[in-house]
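Fair warning: this is a prediction, and the values are worked out from it, not measured in the lab. Chain naming here is simple, since letters A, B, ... match the order of the sequence lines and numbering starts at 1 in each.
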Amino acid sequence: MSDSTSQSAVDERLKSEGFGARLMKRPELGAIAGVILVTAFFLATADPAMFTLSGVVNFMTPASQLGILAIGAALLMIGGEFDLSIGSMVAFAGLFFAAATVTMGLPLSIAIPATFAFAALMGSLNGFIVIRSGLPSFIVTLAFLFILRGLSLVGLKLATGGSTQLRGVRDAVEGDWLAPFFSGDAFGGLFAWLAENGLIETFKNGAPKVPGFPIEIVWFLIIALLATWVLLRTPVGNWIFAAGGDANAATNSGVPVRKVKISLFMVTACCAALVAIITVMDAGSTDARRGFQKEFEAIIAAVIGGCLLTGGYGSAIGAFFGATIFGMVVIGLTYTSFDQDWFQVFLGGMLLIAVLFNNAIRKRVTGER
Amino acid sequence: MSEDTKFHHGDVPDRAPIVEMKDIEKHFGNIIALAGVSFDVKPGECHCLLGDNGAGKSTFIKTMSGVHKPTKGEIYFEGKPMSFDSPRDAMEAGIATVFQDLAMIPLMSVTRNFFMGREPTKGSGPLKRLDIDKMNATTMEEMRRMGINLRAPDQAVGTLSGGERQTVAIARAVYFGAKILILDEPTSALGVRQTSNVLATIDKVRKQGIGVVFISHNVRHALAVGDRFTVLNRGKTLGTAKRGEISPEELQDLMAGGQELAELEGSLGGTV
């Protein structure tokens with residue numbers, strides 16, 4: 001009676017699994033399918049200019065700004081928590097950064113680390129309250145959504161003497177050696193060389209139409225690869241999945257769940273700070289509406305990327321594609337004859353489909369019936 | 001179930017116990033959960049701890065696994081007096097507990113569950129990474145030794161049956177060097193076939209020289225695999241019996257405190 005399942009070398013219950021079936025088990029499948037679908041849609045309806053180099057850079061720039069947030073949100077969701085304060089954190093970190101550079105005149109080598117440190121502190125405060133109180137992170141970070149947005153307004157008025165916009169960042173950071181890492185275009189030399197050799201489109205004077213990759217695209221790629229590496233190939237990644245899958249079981253197995261979750265809150269806040277620094281330097285100013293409603297868009301991108309709302313499942317590369325879909329749609333509609341406001345309808349529909357799809361996938365993976 | 005099963009029995013080597021607990025008392029405020037419990041486990045035996053609900057089984061194993069500190073009494077681990085400050089201490093000493101909820105995460109693969117919290121790495125510095133190949137190979141091998149052929153190491157734990165999950169938890173504890181394996185009601189939620197698989201696993205673990213503490217309130221399951229039997233009732237031990245010295249009926253009576261069960265048994269035809 002005891003060894004009935006053990007002796008056969010090949011399990012007779014095992015059907016051979018095709019490539020398609022293996023692919024079905026990947027959390028990012030939905031997002032990749034989405035990218036293909038959206039690409040097909042715009043190939044059919046949009047001006048072909050959308051898929052030239054400058055068109056791609058055009059839609060990847062907003063996709064990257066959102067995607068950096070979405071990857072942070074995805075990691076946190078896999079770890080079993082939400083952060084609704086990311087959007088407000090962008091505004092608040094933007095204010096902190098602008099105040100440090102313009103009002104206090106600090107060099108970037110101090111202002112940027114200080115902004116990250118400050119964001120990490122706020123993130124850890126979020127995490128600490130969630131862990132200590134045992135309250136859902138949804139409620140705690142909803143409180144911070146309003147607290148940080150309000151503080152950004154009040155702080156801006158204090159820093160500027162009554163205005164809700166703080167200008168002069170571009171002048172303040174001009175010539176700073178750190179500025180090229182957070183603003184402008186990367187690989188300018190490469191693009192100039194490509195233009196000279198006629199490999200990419202140029203203006204009449206010979207300058208390339210696209211002077212380089214906007215720096216946020218580079219950050220976006222680096223962060224997506226780094227997050228994927230951490231999730232899939234390091235012990236910390238295993239702890240993130242475990243903490244989100246079942247915090248109690250993870251603790252019993254020796255996973256430092258509290259540390260993992262608080263660190264994830266800090267990472268998410270730092271992603272918000274990075275977006276704040278890049279966009280504030282790009283715009284040369286900051287205002288209180290910066291990052292408005294980005295928390296929802298980031299969570300939507302993470303969900304489209306395959307993250308479960310209940311935690312313990314998802315992928316960073318999925319969030320990458322989720323954000324890409326987002327950028328393609330929001331910019332792509334301007335290349336078509338459709339009304340741009342269809343964008344919101346599309347976003348909501350996409351979210352609904354993604355959630356239904358993810359639910360089905362989860363049942364497949366866990367064998368639930 | 002008086003007929004003998006095919007598991008080996010009765011030849012408990014007369015070796016020194018790995019863990020010996022003497023006159024353990026545990027009070028929670030004015031509640032006396034344990035009022036003098038003595039218990040020991042030898043290498044390579046399966047010692048069953050039987051008791052009805054509320055008898056103090058859970059409190060006792062939590063004391064043994066370092067969750068609770070005893071109010072009174074002594075614990076000897078490999079002959080030396082021992083006091084564990086946390087479950088981690090006990091785990092590091094070699095006392096592994098498989099609780100009812102198993103500490104398994106259904107959405108994660110068997111491999112990731114197997115090594116959860118104790119992941120092997122290779123490389124160093126920023127390139128330090130999971131040794132995925134070793135993890136997968138170890139998981140497949142350890143599960144095969146317990147008599148389960150996994151379909152694939154990246155199979156999610158959620159797709160396993162209850163008995164298989166139990167086996168993953170046991171294999172994990174054994175692989176990480178358990179000297180004592182405490183199993184809290186491992187068969188209580190399982191069907192007949194899965195129960196026998198788990199009992200077979202217990203037998204395999206015992207043959208590796210590990211002491212198994214099998215907590216149950218099911219006399220039939222205990223008798224199928226146990227070498228010695230200790231009954232807990234109302235926070236006290238009512239003695240330890242070796243296999244063959246005690247009949248199922250006697251064990252049943254001891255567990256129930258010898259009271260109403262005699263009457264009940266009449267109406268149920270002796271099938272409890």
Side-chain angles (χ1 to χ4, degrees), chain A residues 1-17 21-22 25-27 78 80 226 229-257 260 308 310-314 361-369, chain B residues 5-7 87-88 91 97 99 101-109 111-113 115-121 123 126-130 132 135 144-152 154-161 163-164 167 169 172 176 192-201 203-204:
Chain A
M1 67 176 190
S2 56
D3 293 337
S4 52
T5 57
S6 66
Q7 298 315 334
S8 56
V10 176
D11 195 325
E12 79 285 359
R13 298 164 301 174
L14 179 60
K15 283 195 284 186
S16 67
E17 202 176 35
R22 295 187 74 85
K25 289 188 175 172
R26 299 296 318 155
I78 296 169
L226 196 69
W229 160 266
V230 168
L231 273 179
L232 297 182
R233 283 293 177 268
T234 68
V236 173
N238 211 25
W239 298 349
I240 294 173
F241 281 112
D246 184 340
N248 198 20
T251 309
N252 284 344
S253 304
V255 174
V257 171
V260 168
L308 287 183
T310 43
Y313 193 74
I361 288 281
R362 190 199 64 207
K363 285 182 180 162
R364 246 187 109 93
V365 167
T366 60
E368 266 177 53
R369 274 168 285 267
Chain B
T5 62
K6 67 172 163 184
F7 305 126
R88 259 212 108 80
M91 239 199 277
T97 313
F99 287 107
D101 62 7
L102 296 178
M104 288 276 154
I105 296 174
L107 279 167
M108 281 165 61
S109 70
T111 298
R112 280 178 177 266
N113 267 290
F115 287 97
M116 181 166 56
R118 288 177 283 206
E119 296 84 357
T121 53
L127 283 177
K128 195 165 156 184
R129 59 200 184 275
L130 291 178
I132 296 265
M135 286 166 69
R144 198 174 300 123
R145 279 175 59 186
M146 292 295 169
I148 290 184
N149 278 310
L150 288 178
R151 283 167 244 179
D154 62 355
Q155 192 180 354
V157 159
T159 60
L160 299 178
S161 71
E164 287 171 328
T167 307
R172 174 169 70 179
F176 285 105
V192 177
R193 190 189 173 82
Q194 295 187 12
T195 297
S196 41
N197 284 341
V198 169
L199 295 181
T201 306
D203 186 45
K204 289 198 177 83

Asker: What residue, out of A:L232, A:V230, A:N238, A:V255, has the most heavy-atom pairs lying under 4.5 Å from chain B?
Answerer: A:N238
Asker: Taking the side chain as every heavy atom from C-beta outward, state whether A:V236 and A:V260 have any atom pair closer than 4.5 Å.
Answerer: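 They are not in contact (no side-chain heavy atoms under 4.5 Å apart), so the answer is no.
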Asker: B:I105 and A:A249: which non-hydrogen atoms are nearest, and at how many Å?
Answerer: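 Heavy-atom minimum between the residues: CG1-CB, 4.3 Å.
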Asker: Tell me which of these, B:T201, B:I132, B:T97, has more heavy-atom pairs under 4.5 Å with chain A than the rest.
Answerer: B:I132
Asker: Grab the two heavy atoms, one from A:P27 and one from A:G314, that are nearest each other, plus how far apart they are.
Answerer: CG-O, 3.7 Å
Asker: Taking B:E119, B:K128, B:R129 one by one, which has the highest count of heavy-atom pairs under 4.5 Å against chain A?
Answerer: B:E119
Asker: Measuring only between side-chain heavy atoms, which start at C-beta, is B:L160 closer than 4.5 Å to B:L150?
Answerer: yes
Asker: Check each atom of B:M116 against the heavy atoms of chain A and say whether the ones under 4.5 Å are side chain, backbone, both or neither.
Answerer: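 For B:M116, backbone and side chain are both near chain A.
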